[in-house]
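Before any comments, here is the structure.
Remember, it's a predicted structure, so these values are computed and weren't measured experimentally. We count ligands from 1, going down the list as the structure has it; atoms in each ligand are counted the same way.
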Amino acid sequence: MTANQGIKPVTCEVNEKGHLQIGGCDLVELADKYSTPLYVYDEQTIRTIAKEYKDAFKDYPNIKMLYAAKAFMTKAICKILSSEGFGFDVVSGGEIYTAYKAGVDMSSCLFNGNNKSVEELEMALNLGVGKISVDNFLELALLNQIAFSKGKKIDILLRITPGIECHTHEYIQTGHLDSKFGFDLSQVDEAIELILDEYENLNLIGLHAHIGSQIFETQIYYDEVGVILKEISRIREKFGLELHTINLGGGLGIKYTDSDVPPSVKEIAEKITSSVDYHSKKYNTGGISIFIEPGRSIVGTSGVTLYTVGSSKQVPNGKKYIAVDGGMADNPRPSLYQAVYTTQVANKPNAALSQTVTLAGRFCESGDILIKNVKMPDLEEGDVICVYDTGAYGYSMSSNYNRVLKPAAVLVNNGQSDIIINRESYEDLISCDMVPERLN
Ligand SMILES: *Cc1c(COP(=O)(O)O)cnc(C)c1O
């Protein structure tokens, strides 16, 4: 079993007080010390999965692992994943800036995105971002112009749409044919002609695809490699251009509930490397360098969110709602993708499950429901609810809806807890507000 196949962080246990504990820290004490809502990240789970990735690919040394920073990015996370040997897949000026400020080796970064701005592309070149995955014709032209003006030649990959569908939520599918991302295979030749004939400041090194997220099917990766290597051999035949880099994107799923059965990192690695071996022989494409970009599977299981129980409502002959002090602003996934989570009560994890309730958020939307119809013990005001697997796409998608302050995040390890993101203050909240003189 690899860490993405468990619901809980690897260090999660019930301590002698009968409380949930992660990274040697009592969650009830953390809630007390830092207040709630609170994101808690287990350093050991992140390092465990990072090592599992490295271990799974140890027989294929020609691989680069890039952490897809959009899943959760702070300077501390950059430090942890850099120290585990990961590079970074970044998708905005903000992510580039964070990596830079965290001291990341910028040449290990790859810049992705379907509508990068001129400012962001300039920033990427100025700060030494190693590679850019170019998504479309406009970007080819812009990037060439920018690289020319700086007298640089930049390594690029072409993001392609491989025409592979995965069975995940439609909002997180990206590899199907009418996706907004990347060049259709029928447009690749035109892009290559432009690069070879006109765009002298672009150095095409390979192809990039990313099929979707929260993927449980291993065969998809096998097929993806086949499509890309076939394309690489076709490009060699037609243009005499040898491409050696294939970026397979991210997407490995994690276990949110008992009914989720994600594959292990090892199974994915075996599918990828066996497909590279098979298709390299078939298409005579040697020396392939593989990039992968896992995001969710690196940080998803490591993070939990703590909430405090507040009001409740029993609808006569209907649902029982239990409201907590957070919701869609700190975790939009339930309302965005109907995502389902597993929960326990941190101060009484072993109490008998006596009722079925709906955990409601505090935001002014009927859709702000954290978990529907979940079996819980008797609950009272002040109980601390732990929602598992909120480490990816929770904080990173959070908002200030209702002008509620964004929660803090703490990193736990060996009984120590450290803030990695401060809780916002009301001052922070209004720090960008301006009032035109004439309104005073
Ligand atoms: C989102 C994304 C990833 C990461 O996906 P996960 O499902 O979080 O692993 C990797 N590559 C690209 C291009 C992405 O858009």
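- Here Asp189 pairs with Arg234 in a salt bridge; the nearest charged N to carboxylate O distance falls below 4.0 Å.
- In this structure, the side chains of Leu140 and Phe183 come closer than 4.5 Å at one or more pairs of heavy atoms.
- Below 30°, between 30° and 60°, or above 60°: for Tyr395 and Tyr39 the angle between ring planes is above 60°, a perpendicular geometry.
- Residues passing the side-chain hydrogen bond (donor to acceptor under 3.5 Å, both in side chains) test with Tyr34, sequence neighbours excluded: Ser417.
- Residue-level contacts of ligand 1 at the 4.0 Å heavy-atom threshold are Ala68, Lys70, Asp89, Asn112, Arg159, His208, His210, Ser213, Gly250, Gly251, Glu293, Pro294, Gly295, Arg296, Tyr393.
- Judged as a side-chain hydrogen bond (donor to acceptor under 3.5 Å, both in side chains), and not counting sequence neighbours, Gln145 has no contacts.
- When the side-chain hydrogen bond (donor to acceptor under 3.5 Å, both in side chains) test is applied to Glu365, the partners found at least two apart in sequence or on another chain are Tyr401.
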